[in-house]
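These figures come from a predicted structure and were not determined experimentally. All values below come from the heavy atoms of this structure, side chains included, with hydrogens, waters and symmetry mates left out. We count residues from 1, following the sequence as given.
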Amino acid sequence: MKVFLPPRNRRLGTVDYLGLIGLAGLLVARFIPVAKLIPFWGCVLRERTGWPCLGCGLTRVADRVAHFNFVGAWEANPLGTVAAVLFALAAVAMVVHLVFAVPIPEIQLSLREWKAFQVVMPVIVLVNYAYVVVKTRFPHLLL
C-alpha cells in the first residue's frame with residue numbers, strides 16, 4: 001500500500017463525495033423520522049418470512065448514529081455502524097479539506113492487496129449477516 005499526500009487543494013475527490021453522501025444521510029436521519037413518516041417503510045423480507053435481509057437495521061443504525069447512540073447502532077447492525085461512522089468521518093474530512101484546503105491522503109493498493117480486499121470484504125459482510133440473523137431469529141444463542 002502506498003500513501004500519497006497531494007499538494008494543498010480544494011478539488012473534490014472520492015472522500016469529499018463520500019462525505020457529502022454521509023452528511024446528507026446523517027442529517028436526514030437526525031431531523032426526519034423516515035421510518036415513522038412513510039407507512040410502508042420496513043423490511044418486506046423480514047415481514048413475510050421472519051428472516052432479515054442484508055440491510056436489516058441500517059435505518060436504525062443511521063438514526064442512532066445521528067443521535068450519538070453508538071451502542072444501539074452496533075446492536076442493530078455492526079457493519080452498518082462502522083460504515084455510518086466512516087461516512088461521518090468522511091464528512092468531517094470533507095469540511096476540513098474544502099474549508100482549509102488541507103489535502104486528503106490518497107491510498108493506492110497493489111494488485112495483491114486489492115485482490116485480498118475483494119476476498120475479505122464479502123467474508124466480513126457474510127459474518128455480519130450471520131450475526132444479524134442469529135440476533136433476530138435465534139437471540140437465545142447470544143449471551
Side-chain angles (χ1 to χ4, degrees), residues 1-7 9-98 100 102-143:
M1 174 172 36
K2 294 181 183 178
V3 179
F4 301 97
L5 190 63
N9 66 72
R10 286 193 169 98
R11 289 182 309 243
L12 290 176
T14 304
V15 173
D16 298 308
Y17 291 119
L18 291 173
L20 284 171
I21 292 167
L23 183 62
L26 290 172
L27 286 173
V28 167
R30 175 79 172 135
F31 297 109
I32 301 173
V34 175
K36 294 177 184 173
L37 291 178
I38 303 173
F40 57 84
W41 196 265
C43 181
V44 175
L45 180 68
R46 189 169 178 184
E47 288 173 3
R48 307 238 179 197
T49 66
W51 289 88
C53 69
L54 278 172
C56 264
L58 294 182
T59 302
R60 285 173 281 149
V61 164
D63 181 58
R64 291 171 183 173
V65 168
H67 289 88
F68 302 104
N69 179 1
F70 299 104
V71 173
W74 186 266
E75 289 174 2
N77 190 313
L79 188 57
T81 303
V82 171
V85 169
L86 289 175
F87 273 115
L89 291 174
V92 171
M94 173 201 64
V95 170
V96 170
H97 173 236
L98 295 178
F100 301 108
V102 174
I104 295 177
E106 297 173 6
I107 298 172
Q108 184 180 25
L109 299 177
S110 68
L111 183 59
R112 182 177 181 194
E113 292 165 334
W114 178 245
K115 287 185 178 188
F117 177 79
Q118 290 176 316
V119 170
V120 169
M121 277 312 296
V123 171
I124 290 172
V125 169
L126 288 174
V127 168
N128 182 70
Y129 182 57
Y131 170 79
V132 172
V133 167
V134 169
K135 185 164 179 28
T136 58
R137 297 287 298 176
F138 312 104
H140 59 281
L141 296 176
L142 296 176
L143 297 175

What I'd like to find out is whether the side chain of [X] reaches to under 4.5 Å of the side chain of [Y], using heavy atoms alone.
| X | Y | answer |
| --- | --- | --- |
| Q118 | K115 | yes |
| F70 | V85 | yes |
| I124 | L126 | no |
| N69 | V65 | no |
| K2 | S110 | no |

Can you name the nearest heavy-atom pair linking [X] to [Y], along with the distance?
| X | Y | result |
| --- | --- | --- |
| A76 | G57 | CB-O, 3.9 Å |
| P103 | P7 | CB-O, 3.8 Å |
| P52 | L45 | O-CD2, 3.9 Å |
| A73 | V61 | O-CG2, 3.5 Å |
| L109 | W114 | CD1-CE3, 3.9 Å |
| N128 | P78 | OD1-CD, 3.3 Å |

Practice task
Taking atom CZ of F138 as the centre, report whether more than 12 heavy atoms of other residues, nucleotides or ligands fall under 6.0 Å from it.
Solution key: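 Yes - once you tally the heavy atoms of other residues, nucleotides and ligands closer than 6.0 Å, there are more than 12.
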Exercise for the section: Flag yes if more than 12 heavy atoms outside F4 fall under 6.0 Å of its CZ atom; otherwise flag no. Expected result: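 It does: F4 CZ has more than 12 such atoms within range.
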Problem - With sequence neighbours excluded, residues passing side chain to side chain donor-acceptor pair (under 3.5 Å) with T49 - result: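 Here no residue qualifies.
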Problem - side chain to side chain donor-acceptor pair (under 3.5 Å) partners of E106, counting only residues at least two apart - result: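 Listed in chain order: nothing, the list is empty.
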Reported [atom1]-to-[atom2] distance for the pair [X] and [Y], which is rounded to 0.5 angstrom:
| X | Y | atom1 | atom2 | answer |
| --- | --- | --- | --- | --- |
| T136 | N77 | OG1 | CG | 10.5 Å |
| L20 | M94 | CG | CE | 4.5 Å |
| E75 | Y131 | CD | OH | 6.5 Å |
| L58 | C53 | CG | SG | 7.5 Å |
| L98 | I104 | CG | CD1 | 7.5 Å |
| R30 | F68 | CZ | CZ | 6.5 Å |

Problem - Intermediate values then yes/no, side chain to side chain contact (heavy atoms under 4.5 Å, CB included), R46 and W51 - result: CA-CA 5 Å; R46 189 169 178 184; W51 289 88; over 6 Å; no
Name each donor-acceptor pair under 3.5 Å that joins a side chain in residues 11-18 to protein atoms two or more places apart or in another chain, with its distance.
from	atom 1	to	atom 2	distance (Å)
D16	OD1	H97	ND1	3.0
D16	OD2	G13	N	2.8
D16	OD2	H97	ND1	3.1

Exercise for the section: Check step by step if side chain to side chain contact (heavy atoms under 4.5 Å, CB included) holds for F100 and V95. Expected result: CA-CA 8 Å; F100 301 108; V95 170; over 6 Å; no
